[in-house]
2 protein chains.
Amino acid sequence: MISNKAKYAFRALLSVAALPEGETITSAEIARRHAIPHKFLEQILLDLKKAGILESRRGKSGGYVMLRPSDTVSFGEILRLFDGPLAPLPCLSRQAYRPCDECESEALCEIRREFGRAYDASRRILDNRTLADALAGAPATPLTGKEERLVG
Amino acid sequence: MISNKAKYAFRALLSVAALPEGETITSAEIARRHAIPHKFLEQILLDLKKAGILESRRGKSGGYVMLRPSDTVSFGEILRLFDGPLAPLPCLSRQAYRPCDECESEALCEIRREFGRAYDASRRILDNRTLADALAGAPATPLTGKEERLVG
DNA sequence: CATTAACTCTACCTAGATAGTAGGGATATT
DNA sequence: AATATCCCTACTATCTAGGTAGAGTTAATG
């Protein structure tokens, strides 16, 4: 299960990404719309700002807008930001690789092989679907198995 | 990431499943082979026995064997047993369904839609690959998208 | 029939994560 | 100057992961 924090982040991002050009939205408004605890949401929005995804305007009539275009922000990136590596095993993570303490041979490890397959399948989707895709309701494009579109 | 407990369970199961017909293996032997804390492993094996997957023989020269054939035990089933629902959102779980507190319409929820796709992809693999498949090193069979083979 | 090697069960412990709450401080608009 | 907004840090309660510990039960074997 993904954390509440990550889920709130997605809700907030989709609200910001759906904004008409030139408009902003306040943390209070996002919190109200989605019944998210306001102070908790503020922390999340701050994280998103520090990550360079959102931009903020302070003071009266301030609020948030996207800094990066919504079609460059993938679900995988956000999930990693809040919940850490997507990989089911440390030995399968590129960003946080660590061998299993007891593993003798990764190449022969059946667990790694099986979970590697499951991980590939879900990673291809999460790293290639963006906020813009989600808002457009676009169906997933058929995958060739060689995507690198948004994978850093 | 999957828990250590689940990972240990997979290692233990693969050791038991790989046993020649008629042989048993002790918890101590499994623990030694994979450098798993012995008492911790005992709890895990007990869970697997209570779940009806392993069978035990007590007393001197006791040990464990498979109760269910290894080609009927899927990775998904074991993972659910130790780490709970595979679904990334409660509203996507069949076994532990719960609506999101704040969700107004599941049908329109972009988060649910996107994670649903990722979940489907990995669930199809985890629920259709068995211990026997893993030991055989068999490549995944092409999936049609309509599998129900081992999904209870 | 005592010994011993195994499984069985229950209780307990600690560090860290999750999901917030709280209270102010900084800043820009009006 | 007032006010609405974002910014930052500290704190807390609860739960979970990952074990440790110890005693009890059972069955083979010499």
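Keep in mind that what you see is a predicted model, and the values were worked out from it rather than measured. Scope of the values below: all heavy atoms of this structure, side chains included, with no hydrogens, waters or symmetry mates.
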Protein-nucleotide distance ([X], atom [atom1]; [N], atom [atom2]), rounded to Å:
X      : N       : atom1 : atom2 : answer
L46(A) : dA26(C) : CG    : P     : 15 Å
L41(B) : dT20(D) : CG    : C1'   : 14 Å
F40(A) : dG23(C) : CZ    : C1'   : 18 Å
E55(B) : dA6(C)  : CD    : C1'   : 16 Å
D47(B) : dC9(C)  : CG    : C1'   : 12 Å
H34(A) : dG20(C) : NE2   : P     : 16 Å
I44(A) : dG20(C) : CD1   : P     : 9 Å
H38(A) : dC7(D)  : NE2   : C1'   : 12 Å

Side chains of I125(B) and F115(A) in contact at under 4.5 Å (non-hydrogen atoms):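 No, too far: nothing below the 4.5 Å cut-off.
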State whether [X] places a side-chain N or O below 4.0 Å from either non-bridging phosphate oxygen (OP1 or OP2) of [N].
X      : N       : result
T26(B) : dA6(C)  : no
S56(A) : dC6(D)  : no
K60(A) : dA2(D)  : no
K39(B) : dG19(D) : no

Between [X] and [Y], does at least one N-O distance fall below 4.0 Å, as a salt bridge requires?
X       : Y       : value
E110(A) : R113(A) : no
R123(A) : D120(A) : yes
E29(A)  : R32(A)  : yes
R80(A)  : D127(A) : yes

Ranking dT8(C), dC8(D), dA19(C) by distance to the side chain of Y64(B), first place goes to dT8(C)
Winner on side-chain proximity to Q43(A), out of dC7(C), dT9(D), dT8(C), is dT9(D)
Base dT21(C) to side chain E42(A), donor-acceptor N/O within 3.5 Å cut-off: no
Next item on the list: Remember a base hit wins even if backbone is also touched, and classify Y8(A) as base, sugar-phosphate or nothing at under 4.0 Å, heavy atoms.
Entry: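 Y8(A): backbone/sugar contact only, no base atoms under 4.0 Å.
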(request) Would you classify K7(B) as touching base, sugar-phosphate or nothing, given that sugar-phosphate means primed atoms plus P, OP1 and OP2, and contacts are heavy atoms under 4.0 Å? (result)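 Contact class for K7(B): none.
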Judged by nearest nucleotide, the residue sitting upstream toward the 5' end of DNA chain D, D83(B) or S61(B), is D83(B)
Along DNA chain C (nearest heavy atom to each residue), the more 5'-positioned of N4(A) and R58(A) |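 Result: N4(A).
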